[in-house]
There are 2 protein chains.
Amino acid sequence: MTNIRDLAREADVSVTTVSRVLNHHPYVADDKRKAVQDAIRKLGYIRNQTAVQLSTGQTKTIGVMLPYVDHPYHAAILQGIARCAFEEDYRFLTWQTNYVESHEQTVLQALAQREVDGLIIVSHSLAVEDILKYEQYGPIVFCEHHADVSAVYIDHYTAFQKGLAAFQSLGHTEIGICLGRPDSTNSLARKRAYQDTVACTPSEWIYEHSLTIEDGASIARHWLSQPRRPTALLTASDHVAAGIILELRKRGYRVPEDLAVIGFDGSDLAVVLNLTTVAVPYETIGREAFSIAISDTWRDHPQIEIPTTLLNGLTANPAVNER
Amino acid sequence: MTNIRDLAREADVSVTTVSRVLNHHPYVADDKRKAVQDAIRKLGYIRNQTAVQLSTGQTKTIGVMLPYVDHPYHAAILQGIARCAFEEDYRFLTWQTNYVESHEQTVLQALAQREVDGLIIVSHSLAVEDILKYEQYGPIVFCEHHADVSAVYIDHYTAFQKGLAAFQSLGHTEIGICLGRPDSTNSLARKRAYQDTVACTPSEWIYEHSLTIEDGASIARHWLSQPRRPTALLTASDHVAAGIILELRKRGYRVPEDLAVIGFDGSDLAVVLNLTTVAVPYETIGREAFSIAISDTWRDHPQIEIPTTLLNGLTANPAVNER
DNA sequence: ATAATCTGTGGAACGCGTTTCACGGCAAGG
DNA sequence: CCTTGCCGTGAAACGCGTTCCACAGATTAT
């Protein structure tokens, strides 16, 4: 592999000059620049990025910690990160943690070992304090709200309130909710919104551990088996909502007449199902998190809230959907 | 930042010995090993991975080129790669290309610049010959079938045949198909299977550019507008199938009575929709591709075909689904 | 005319871990 | 007793691009 010293010899200049040409530094005479460029072509030189990284102390790479790469909601954030990274000529390394703490530790270690310049934490199970110990090694940006950290997030409390209020304005009082991991920051905020907004909130109407379409289908079966059922269900994701709706329809029940459903995410599934949903601009979250991670602003622990919107489909509203 | 020379000074040994301790080399006396370990603790030493990479000439990182990180089918492959990478203590860099050739070029460049040790190409639009020029810089593994390359793939021809045969055994003769990018290797194989297996294959029954749920919905609307319609439709993905089914049901049509549908992928959407589908073990594809990329076997251009299976739901079979 | 800048260039140090080579000591094999 | 061979250790080179510093010549400002 030819290196810049070979180039310098070939072009009869110093390595400094070669480096200048490579980095488009202005203080190079035209003839020497040309000599170097000829040498590059002649010897087929290709820059060794690793050497650049060691030299500059920057990897131009951001790490992304997320539980599952193939969950639609995480993938959407990843999409935003991917777009922004490409534009900024950065790379990103993804670690799938499955919420296993030792795996999350590996990711933090990678930041300390300077494999990445910064970290975007999409979701995590380690304690925030433990994660923040690694902030001495570089920026850490969360995609969830926590005090005293850099974060880009949606307000799950008000987002859930929007869904609940929509049900209430349609006259629903027997409202249930679905949650993902019951103790996550997001779920706790959602549960608070539920308990603050709705009068009747029995624990049998809080359906936990719902993430996938199939979880939705099993929630539907569970709902069918309940002696006392809510008439409306605010779900944790459009996928869960879709599972519920499809399972109920398969069994001859009607949505929203028998059970009104509101989704969460604003995915294309929602559009096709005519699902009322709380739309979340996940790509924006990814983009914003990335910008913070590569700028100096992270030191101020910026907190950027991304607004959500209620998209009206027909699954929340019996009156409209009647035919 | 403390480095191994600081450690050597502190522990009063040579850098060689420090390096030995760090890498668990056996030829180190117990007392010196302990001295080094004490120094590491005392100075809070953390290895600089970039320096290791430059020194060893290996990044322990694999690059992944794919068009979209958030498409379920690609994400599933990514999942396999992520799992395998973690187990092997490798990292992976993802590039989202959107099938833009200049972006794909960037990825190849990264291999040449030694940012990654190897490349997994999930899907691409550059010509294979052009991609293979970069094989001199490291392993390139495709997730699609091409001659004379390392590849892990499914046989789209026989996979499509399975779906078409299922329709035919139910008595269908008016069969249509959906394709993604019409000129991709996969689509061409699928179209060949269609034309070889089915007697009547008018071009109006080949629905191209279908990737998402919403594409499915618009195919359904298009189907409704056609004077002569197929009675069965083999789709390019479960998402497309879902879009078709949901749109048709929304408009009062029945699946499979009015239109029998078979999906592709074997996703959880298929399970919930009771969709007959050609199941593809995407995670396995990712895993296998990764193993090839990090082993020496890639030089022999191994070709690994992963088998598909037809999963029977009820959307292909009017008789069973009648109630 | 003189001081202060700006251009252009090269030598050498720097970032930092790995690895080759040489060498001394010691034990086992012949 | 001598030769291998294994241990244990360190100096120095290596991988390779960036950058600080010194210096010379050319301008521009005072």
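Below, chains carry the letters A, B, ... as their sequence lines are ordered, and counting in each starts from 1.
With a 6.0 Å cutoff to the six-membered ring centre and a 45° limit on the axis angle, A:Arg181 counts as a cation-pi contact of A:Tyr99.
Regarding A:His24, its NE2 atom lies at a distance of 16 Å from the C1' atom of D:dT18, rounded to whole Å. To the nearest angstrom, P of C:dG17 lies 8 Å from CG of B:Leu7. For the pair B:Arg5 CZ and C:dA13 C1', the interatomic distance rounds to 13 Å; values are reported in whole Å. Summarising the geometry, the separation between CZ on A:Arg114 and P on C:dG15 is reported as 12 Å, rounded to the nearest angstrom. Regarding B:Asn23, its CG atom lies at a distance of 7 Å from the P atom of C:dT19, rounded to whole Å. The CD-C1' distance, from B:Gln58 to C:dC16, rounds to 18 Å in whole Å. Per the geometry, CG belonging to B:Asn3 stands 17 Å off P belonging to C:dA13, to the nearest Å. Rounded to whole Å, the distance from CG on B:Leu54 to P on D:dG17 is 9 Å.
Taking a cutoff of 4.0 Å between a charged side-chain nitrogen and a carboxylate oxygen, A:Glu10 and A:Arg41 do not qualify as a salt bridge. Remark: A:Lys133 does not engage A:Glu129 in a salt bridge, criterion side-chain N to carboxylate O under 4.0 Å.
Dashed line: the shortest gap from a side-chain N or O of A:Tyr27 to OP1 or OP2 of D:dG25 is not under 4.0 Å. Between A:Ser19 and D:dT18 there is a side-chain polar atom (N or O) within less than 4.0 angstrom of OP1 or OP2.
Listed nucleotides: C:dC16, C:dT18, C:dT9. Nearest to the side chain of A:Val28: C:dT9. Comparing atom distances between the A:Lys32 side chain and each of C:dT9, D:dG17, C:dT18 picks out C:dT9 as nearest.
Residues A:Phe290 and A:Arg83 form no side-chain contact, since every pair of their non-hydrogen atoms from C-beta on lies 4.5 Å or further apart.
Residue-to-nucleotide proximity on DNA chain D shows that, of B:Val15 and A:Ser55, the 5′-proximal contact is made by B:Val15.
A donor and an acceptor atom sit less than 3.5 Å apart, one in the side chain of A:Thr16 and one in the base of C:dG11. Residue side chain B:Arg47 does not reach the base of C:dG17 through any donor-acceptor N/O pair under 3.5 Å, judged by distance alone. Not a single donor-acceptor pair, N or O on each side, falls under 3.5 Å between the base of D:dG8 and the side chain of B:Arg20.
Aromatic pair B:His124/B:His146: centroids less than 6.0 angstrom apart.
Among the atoms of the strands shown, only primed sugar atoms or phosphate atoms (P, OP1, OP2) are found under 4.0 Å from some heavy atom of B:Val13. Residue contacts for A:Thr17: at a heavy-atom cut-off of 4.0 Å it reaches the sugar-phosphate backbone alone, with no base atom in range.
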